[in-house]
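Below you'll find the structure, written out as structure tokens, and then a few comments.
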Amino acid sequence: MASAQKIELSGVHQTALASAALRGAHTLCGDEPKIFRDELALRLAGMPDADAVAMMGRVSPASASTCILRSRFTEDRLAAARDRVSQYVILGAGLDSFALRQGDGLGDLAVYEVEDPPFQEWKRQRTAELGLTAPAQLHYVPCDFEVTSLEDALAASDFDPNQPCFISWLGVTQYLTPDAVKGTLAWAAARPAGSEIVLTFLEENEQALHLQAGVMSGLGRLTYFSPAEMTGLLENAGFSRIEHLSADRANEIYFRDRKDGLIAPQIQRLVSAIV
Ligand SMILES: C[S@@+](CC[C@H](N)C(=O)[O-])C[C@H]1O[C@@H](n2cnc3c(N)ncnc32)[C@H](O)[C@@H]1O
């Protein structure tokens, strides 16, 4: 068998490893009840447990919770949307392990992981090295959002554009140009009625600027939106029922009475919208 080709990961690709590390560290040592359980995260990232726990200790509780909350909130919304959708499109999937964790439990839900081609190939190699079996319902869709339209990328798969879908776009918009964000939102809003998107965006505030100057300093210029700007973009694209998950609301729903210090993030905001 030919040996796997060595793929160099860029700084943006490395953010997917860091996100998985924080989910894995929470799974290992976060308080019960876990906000999100991802037993595959550290295996996929190839990171020793101790390194992930140390990483968790180096970031603030609000930063650590970002990657945990967004996955939990999204999978909650997906579960609530399941009677309307049987296609799940994960944009900038990184090391998202939803399909691998669900396995046969996916039932009739087809999952489309859309990701920058080199990183997707890295993940596929990693999955094979670990001996994990990708369920038949999982489809890999290579796409650089700055270069290829989602329409074109998904046309190469068996994605059905005439059926409603659930879309997640977590931890990605800050790395894209505003035009690429608008282009993807236009595609998402043109899905059939009942389709839904959950996405994150960075709000420019003191914490975000601190992060940009610190751990995210190697990632170039980031794209920020205010909540009002994001609402405007979603409305202009054609979405309705736009709901922002405020930090107060997230604390009330997901972070009440925790002893591990996790609190809702103030920097990365979550919003959902329905077609
Ligand atoms: C912070 S990670 C988030 C990964 C995953 N959604 C999660 O929540 O763990 C950002 C992801 O966006 C992907 N990404 C960034 N720019 C991209 C682009 N232009 N096209 C496709 N994917 C991109 C990166 O490769 C990376 O996997």
Side-chain angles (χ1 to χ4, degrees), residues 7-27 35-38 40-45 47 52 55 59 63-78 88-101 111-127 140-150 152-154 166-185 187-188 197-202 208 211-212 215-216 218-223 265 267-270:
I7 297 167
E8 293 300 329
L9 299 186
S10 70
V12 167
H13 299 149
Q14 298 281 353
T15 66
L17 273 61
S19 302
L22 293 172
R23 287 193 293 272
H26 173 64
T27 305
I35 292 163
F36 189 72
R37 220 176 258 284
D38 188 345
L40 290 177
L42 296 182
R43 292 178 68 200
L44 285 169
M47 187 177 284
M55 179 190 282
V59 298
S63 299
S65 63
T66 301
C67 314
I68 300 161
L69 172 66
R70 68 188 186 212
S71 294
R72 166 65 186 272
F73 177 70
T74 300
E75 292 190 18
D76 283 357
R77 295 290 305 203
L78 171 64
Y88 177 23
V89 183
I90 309 179
L91 300 176
L95 295 181
D96 189 298
S97 63
F98 173 77
L100 293 169
R101 274 183 283 118
V111 179
Y112 299 86
E113 288 197 7
V114 183
E115 179 48 73
D116 196 20
F119 190 68
Q120 185 163 80
E121 187 49 37
W122 186 92
K123 181 181 187 179
R124 295 184 72 160
Q125 285 185 8
R126 184 80 196 125
T127 306
Y140 292 105
V141 179
C143 174
D144 177 341
F145 301 125
E146 301 285 356
V147 176
T148 309
S149 77
L150 274 168
D152 290 348
L154 284 160
F166 189 93
I167 303 158
S168 70
W169 204 14
L170 307 179
V172 187
T173 58
Q174 67 265 27
Y175 304 120
L176 304 180
T177 55
D179 279 349
V181 173
K182 282 184 204 151
T184 295
L185 290 181
W187 169 84
I197 188 167
V198 172
L199 67 94
T200 63
F201 60 97
L202 278 197
L211 264 191
Q212 180 161 16
V215 289
M216 293 171 105
L219 298 172
R221 198 184 145 63
L222 300 178
T223 294
I267 310 162
Q268 198 173 72
R269 305 210 31 142
L270 270 159

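Start at 1 and go down the list; that is how both ligands and their atoms are numbered.
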Measure the shortest side-chain to side-chain distance between Thr127 and Leu44 over non-hydrogen atoms and say whether it is less than 4.5 angstrom.
yes
Contacting atoms of ligand 1, where contact means under 4.0 angstrom from a heavy atom of Cys143:
20 (N), 21 (C)
Does any part of the side chain of Leu202, heavy atoms only, come nearer than 4.5 Å to the side chain of Tyr175, both counted from C-beta?
no
Can you see whether Arg70 engages Ser19 through a side-chain donor-acceptor pair at a distance of less than 3.5 angstrom?
yes
Just to confirm my output: which protein heavy-atom neighbour is closest to atom 11 (C) of ligand 1, and how far is it?
Gly92 O, 3.9 Å
Residue and atom name of the nearest protein heavy atom (relative to atom 15 (C) of ligand 1), distance in Å to one decimal:
Val12 CG1, 3.2 Å
Rounding to 0.5 Å, atoms OH (Tyr140) and CD (Glu115) come to a distance of 11.5 Å
Please confirm whether Cys67 comes under 4.0 Å of ligand 1, counting heavy atoms of the residue only.
no
Please confirm whether the backbone N or O of Ile35 pairs with a side-chain atom of Arg72, one donor and one acceptor, at under 3.5 Å?
yes
Does only the side chain of Ala16 get under 4.0 Å from ligand 1, or the backbone, or both, or neither? Count heavy atoms.
both
When rounded to the nearest 0.5 angstrom, what is the spacing between CG in Leu199 and CG in Leu270?
8.0 Å
The closest protein heavy-atom partner of atom 19 (N) of ligand 1 is Asp144 OD1, 2.9 Å
Answer with side chain, backbone, both or neither: which part of Ala18 has a heavy atom less than 4.0 angstrom from an atom of ligand 1?
neither
Among all protein heavy atoms in this structure, tell me which lies nearest to atom 7 (C) of ligand 1, with the distance rounded to 0.1 Å.
Arg70 NH2, 3.4 Å
For atom 27 (O) of ligand 1, which protein heavy atom lies nearest, and how many Å away is it?
Glu115 OE1, 2.7 Å
Report yes or no: does Asp144 contribute a side-chain atom to a donor-acceptor pair with the main-chain N or O of Glu146 at less than 3.5 Å?
yes
Tell me which one of Leu95, Leu176, Val172 gets a heavy atom nearest to atom 14 (N) of ligand 1.
Val172
Look at atom 1 (C) of ligand 1 and say which protein heavy atom is nearest, naming residue and atom and giving the distance to 0.1 Å.
Thr15 OG1, 3.1 Å
The closest protein heavy-atom partner of atom 9 (O) of ligand 1 is Arg23 NH1, 2.8 Å
Distance in Å, Cys143 SG paired with Glu113 CD, rounded so as to fall on 0.5 Å steps
13.5 Å
Hey, are the side chains of Ile267 and Thr66 touching, using non-hydrogen atoms and a 4.5 Å cut-off?
no
Using a 3.5 Å cut-off on N or O atoms only, is Phe119 in polar contact with ligand 1?
no
Considering non-hydrogen atoms of the protein only, which is the closest contact for atom 20 (N) of ligand 1, and what is the distance?
Phe145 N, 3.0 Å
Below 30° counts as parallel, above 60° as perpendicular, anything between as tilted: where do the rings of His13 and Phe119 land?
parallel
Heavy-atom contacts with His13 under 4.0 Å: which atoms of ligand 1 show up? List them by number with element.
25 (O)
